[in-house]
Amino acid sequence: MQKIQELNNQLNEVLEQTAEKFKEENINIVMPTYIPQRGEILKEFASRGVNTAIAGGMKGAQCFKEIPQYGMEEDTFPYTDGFPDYITQRITRLIPDDLLKDRKVAVFSYVNNLGWSHYIEERNLGTQIVATVEQNLRGYFEEKGNLLKILDTAGLSEYKIPTEQVSNETTIDELIDVYERIKNEDGKVVVQDCCSENGNAGGKGTLFINSCEEFVKNIKENKGRRKVARFIKGFESNLSFFAGNTKPEENMYGSTKMNLTPDMDNFNPDTLDSLLAKAREAGINEDNIVTIVGRGTLKAVGDENLTSYESNGVGNDIGYVYEGKIGDQITEVGTKLARLMALSGKVGIAGADLIIDKQGKVWINEINDRQQGPTAQMSKDAENNGIPSLLKISLLSSYGDFRDKKVLEVFENLRKYSQEIHKAYKTGRGEFYLKVNSTHPKGHYEKVKNNLRPGIYEISRNEDGKWKLNFSSYKSPNSNVSYQTNPKEGKVVVKIVGGDWKVGDEVENGSQLFRLTGITNPENPPFVIENGKTVLNKSWKPVVEACYNYLFGEGYTHKNQLWKKREAEKYIYVGWCPVAKENQKFTPTKQFAILCPMLKNHLYKNSGGKNA
């Protein structure tokens, strides 16, 4: 661990020297973006006097006090469904002329394939772009139709979800055969648009289909190729990693990046072969690639204690430790994917969405050629544990001078100790967050009964056994307070992020009230895995309920329709016995659905054929 801590110090020193170099050469950093919140890493340069600016977001809604931000009259985040060119150009035009005119500029972005540098150059202000994180490989790696080719080439065939491609031109008989081959034990398949005819990526255009008739009808009524995959019942994990190399970019700072050329087809799986060949010709090979695999998080979806919607994401435990078989599989997936992307000329952060079934088998759902939601917090956790930050490694890979021996030495050491760094990521302490959503019935509004502002609070168990949020325990969000996150001790100290609620505020159903965050206690984590699904740990349920009771009064959680449904499903009537038992065959709902038609038919017959 000492070597890793020394390497972390070395990384920070070289990043600081790079910032000083930018300052000396009057290099401005600009971040045109749809999501300004992803620019937090730029504080590393802004805090050292480098002229840094963000364009995007809503006017007046500055994300970081150290970084000036130029927003639009409307928020840019809703446009992330499609990233339209006209909005991309408008965002770029928000950058003040004096930051670009006859200046050296480094470009930073979150979504790297939108052509930000091109639109900056189109302003004809004599801007010299000397560094950028941009690449356009996302168009290939995130295309759903390419996933199987990518996994086969990476040596990850055993992690493929059974998948086939069909179109509206596929015959009905063939579609029936595909459905029978792909469906899971419940008859469920996932259908996704996977080509340019439909223009969807990143999980959009996804349908869950439960019958052969519905499947055939949907395929026949929609143009274009579609990907049909087996629905895997299990829990989800986000995996983050860094891929790069040490070959200097010829005319810019940073290491060598590959891009798709106009003759390469994003939607042709075999384009990967051309990309790998192009990277080899550029001098990228096994001897100079660098990969660092972070950790797989534990993602929670549809927990009835935190939401009233079954598909809502309700939290992520970044500090969850996967042991044994699952941990080994996640390591293999990250190692092989990062290697393949590095050999393709990728430089920066990427990741994958994983599904883990109840047998502990890992399946790869999709690849994300970008920074994922948990990556920033994962990097902060790593630094707190003396481990090199993925985000800092990525930033230096695009802004560092790879002709400088000190920069090269950092990346050679990262390469040398990559396995040890990954092991440290896997087992280090990390933060979690719970999304606490309003859960009362849809169409109704609930009034807030007590004020609640973001900050650090104590939630404790009283002598009567009930838990209570203690408003008087409030401390500033920036206070240096130690988290306490084991409810078995009778008290937790956590941070409430977001949501500044006042008495009388009216809240609609499905609103995110706030996030509860803290450092995961491995002995009693907030989420656990039960029957192949991520659920809120029983010991954390009264903690969450205390938050709801504080805002809305006791009994609020019992208004949640999803909670009622899940509670009803626990109690089953066996035959005609009125005694409620768990884990039997029929729920009351199912039994009513079966008995009602039988009873109606019985009454009809005994009434002489008259309506009963």
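Small disclaimer: the values here were computed from a predicted structure and weren't measured.
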Novice: Side chain to side chain contact (heavy atoms under 4.5 Å, CB included) for Gln512 and Phe514? Distances and angles first, verdict last.
Specialist: CA-CA 6 Å; Gln512 183 175 310; Phe514 50 81; over 6 Å; no
Novice: So which heavy atom on Gly244 is nearest to which on Ala342, and how close?
Specialist: O-CB, 3.7 Å
Novice: Do the charged groups of Asp369 and Lys346 touch, with an N to O distance under 4.0 Å?
Specialist: yes
Novice: Would you say the rings of Phe402 and Tyr253 are close, in the sense that their centroids are separated by under 6.0 Å?
Specialist: no
Novice: Please check this pair: side chain of Tyr34 against backbone of Thr88, looking for a donor-acceptor N/O pair closer than 3.5 Å.
Specialist: yes
Novice: Would you list the pairs meeting salt bridge (charged side-chain N to carboxylate O under 4.0 Å, His left out) in which at least one residue belongs to residues 28-38, sequence neighbours left out?
Specialist: none
Novice: Are the side chain of Thr76 and the backbone of Met72 linked by a donor-acceptor contact shorter than 3.5 Å?
Specialist: no
Novice: Asp97 and Arg123: salt bridge (Lys or Arg N to Asp or Glu O under 4.0 Å), yes or no, with the steps?
Specialist: CA-CA 9 Å; Asp97 285 2; Arg123 291 179 61 176; 2.5 Å; yes
Novice: Are more than 12 heavy atoms, taken from residues, nucleotides or ligands other than Asn480, located less than 6.0 Å from that residue's CG atom?
Specialist: no
Novice: Determine, stepwise, if the pair Val133 / Val107 fulfils side chain to side chain contact (heavy atoms under 4.5 Å, CB included).
Specialist: CA-CA 7 Å; Val133 301; Val107 177; 5.9 Å; no
Novice: What are the two closest heavy atoms between Thr291 and Ala243, and how far apart are they?
Specialist: CG2-CA, 4.4 Å
Novice: For residues 147-155, run the donor-acceptor check on the side chains, cut-off 3.5 Å, and write out each pair with its distance to 0.1 Å, sequence neighbours left out.
Specialist:
| unit_1 | atom_1 | unit_2 | atom_2 | d |
| --- | --- | --- | --- | --- |
| Lys149 | NZ | Asp273 | OD1 | 3.3 |
| Lys149 | NZ | Asp273 | OD2 | 3.1 |
| Asp152 | OD1 | Ser157 | OG | 2.6 |
| Asp152 | OD1 | Lys160 | NZ | 3.0 |
| Asp152 | OD2 | Lys160 | NZ | 3.4 |
| Thr153 | OG1 | Lys149 | O | 2.8 |

Novice: Please assess Thr271 against Asp265 for the test side-chain hydrogen bond (donor to acceptor under 3.5 Å, both in side chains), listing each intermediate value before the final yes or no.
Specialist: CA-CA 6 Å; Thr271 292; Asp265 182 1; 5.7 Å; no
Novice: Check whether Arg295 reaches the backbone of Gly428 with its side chain - one donor and one acceptor, N or O, closer than 3.5 Å.
Specialist: yes
Novice: May I have all residue pairs that pass side chain to side chain donor-acceptor pair (under 3.5 Å) and include part of residues 411-420, sequence neighbours excluded?
Specialist: Gln10-Asn413
Novice: Measuring from Tyr140:OH to Asn268:CG, what's the distance to the nearest 0.5 Å?
Specialist: 7.5 Å
Novice: Nearest heavy-atom pair of Gly313 and Lys435: which atoms, and what distance?
Specialist: O-CD, 3.4 Å
Novice: List the atom of Ser344, the atom of Ala279, and the distance in Å for their closest heavy-atom pair.
Specialist: C-CB, 3.9 Å
Novice: Assess, by modelled atom type and distance only, whether the side chains of Tyr79 and Glu74 contain a donor and an acceptor separated by less than 3.5 Å.
Specialist: yes
Novice: What pairs meet the salt bridge (charged side-chain N to carboxylate O under 4.0 Å, His left out) rule with one or both residues in residues 383-392, with sequence neighbours excluded?
Specialist: Glu44-Lys392, Glu383-Lys392
Novice: May I ask you to say whether Lys21 pairs ionically with Asp404, meaning some side-chain N is under 4.0 Å from a carboxylate O?
Specialist: no
Novice: Could you verify whether a donor N or O on one side chain and an acceptor N or O on the other, from Thr485 and Asn521, lie under 3.5 Å apart?
Specialist: no
Novice: Judged by atom type as modelled, is there a donor-acceptor pair below 3.5 Å linking the side chain of Gln62 to the main-chain atoms of Ile67?
Specialist: yes
Novice: Counting only heavy atoms not in Glu250, do more than 12 fall under 6.0 Å of its CD?
Specialist: no
Novice: Using a 3.5 Å distance criterion without hydrogens, assess whether the side chain of Ser479 forms a donor-acceptor pair with backbone atoms of Val481.
Specialist: no
Novice: What residue pairs, at least two apart or across chains, pass ring pair (Phe, Tyr, Trp, His ring centres under 6.0 Å) with a residue in residues 367-386?
Specialist: none
Novice: Please check if the side chain of Asn245 supplies one atom and the backbone of Ile284 the other of a donor-acceptor pair under 3.5 Å.
Specialist: no
Novice: Show the numbers, then the answer: is there a side-chain hydrogen bond (donor to acceptor under 3.5 Å, both in side chains) between Gln377 and Asp381?
Specialist: CA-CA 6 Å; Gln377 187 58 53; Asp381 293 340; 2.9 Å; yes
Novice: Under 30°, 30 to 60°, or over 60°: which ring-plane class applies to Tyr399 and Phe45, parallel, tilted or perpendicular?
Specialist: perpendicular
Novice: Can you list the steps and then say if Thr206 with Gln192 is a side-chain hydrogen bond (donor to acceptor under 3.5 Å, both in side chains)?
Specialist: CA-CA 5 Å; Thr206 298; Gln192 293 178 308; 3.1 Å; yes
Novice: Can you find a side-chain donor-acceptor pair between Asn9 and Glu13 that sits under 3.5 Å?
Specialist: no
Novice: Got a salt bridge between Lys405 and Glu409, using NZ or NE/NH1/NH2 to carboxylate O under 4.0 Å?
Specialist: no
Novice: Does any donor atom in the side chain of Asn112 or Ser109 lie under 3.5 Å from an acceptor atom in the other side chain?
Specialist: yes
Novice: Nearest 0.5 Å, please: how far is CG in Asn136 from CE in Met264?
Specialist: 9.5 Å
Novice: Do the side chains of Glu40 and Lys380 get close enough for a salt bridge, i.e. N-O under 4.0 angstrom?
Specialist: yes
Novice: Under 30°, 30 to 60°, or over 60°: which ring-plane class applies to Phe411 and Phe242, parallel, tilted or perpendicular?
Specialist: tilted
Novice: Determine whether a donor-acceptor pair (N or O, by modelled atom type, separation under 3.5 Å) exists between the side chain of Thr297 and the backbone of Ile318.
Specialist: no
Novice: Is the side chain of Asn146 donor-acceptor paired with the backbone N or O of Asn266 at a distance under 3.5 Å, no angle test?
Specialist: yes
Novice: Can you give me the closest heavy-atom contact between Pro477 and Pro454, atom names plus distance?
Specialist: CG-O, 3.7 Å
Novice: Checking Thr331 against Lys426: is there a side-chain donor and acceptor pair closer than 3.5 Å?
Specialist: yes
Novice: Which heavy atom of Ala376 sits nearest a heavy atom of Leu391, and at what distance?
Specialist: CA-CD1, 3.7 Å
Novice: What side chain to side chain donor-acceptor pair (under 3.5 Å) pairs are there with at least one residue in residues 278-290, not counting sequence neighbours?
Specialist: Glu286-Arg339
Novice: Is there a side chain to side chain contact (heavy atoms under 4.5 Å, CB included) between Ile292 and Ile393 once you walk through the steps?
Specialist: CA-CA 9 Å; Ile292 301 292; Ile393 294 168; 4.2 Å; yes
Novice: Find out whether Lys495 and Leu516 are in side-chain contact, i.e. whether some heavy atom of one side chain is under 4.5 Å from a heavy atom of the other.
Specialist: no
Novice: I'd like to know if the side chain of Gln37 pairs up with that of Tyr110 as donor and acceptor (distance under 3.5 Å, no hydrogens or angles considered).
Specialist: no
Novice: Cut-off 3.5 Å, side chains only: do Ser398 and Lys257 have a donor facing an acceptor?
Specialist: yes
Novice: Measure from the side-chain N and O atoms of Gln372 to the backbone N and O of Leu239, and report whether any donor-acceptor pair falls under 3.5 Å.
Specialist: yes
Novice: Please say whether more than 12 non-hydrogen atoms of neighbouring residues, nucleotides or ligands are located less than 6.0 Å from CZ in Phe77.
Specialist: no
Novice: Apply side chain to side chain contact (heavy atoms under 4.5 Å, CB included) to the pair Phe241 and Met341, showing each step before the final yes or no.
Specialist: CA-CA 10 Å; Phe241 55 80; Met341 294 185 76; 3.8 Å; yes
Novice: If you take the centroid of each ring, where Trp contributes its six-membered ring, are Phe527 and Phe432 closer together than 6.0 Å?
Specialist: no
Novice: If only atom types and distance count, is the side chain of Tyr425 paired as donor or acceptor with the main-chain N or O of Pro388 below 3.5 Å?
Specialist: yes
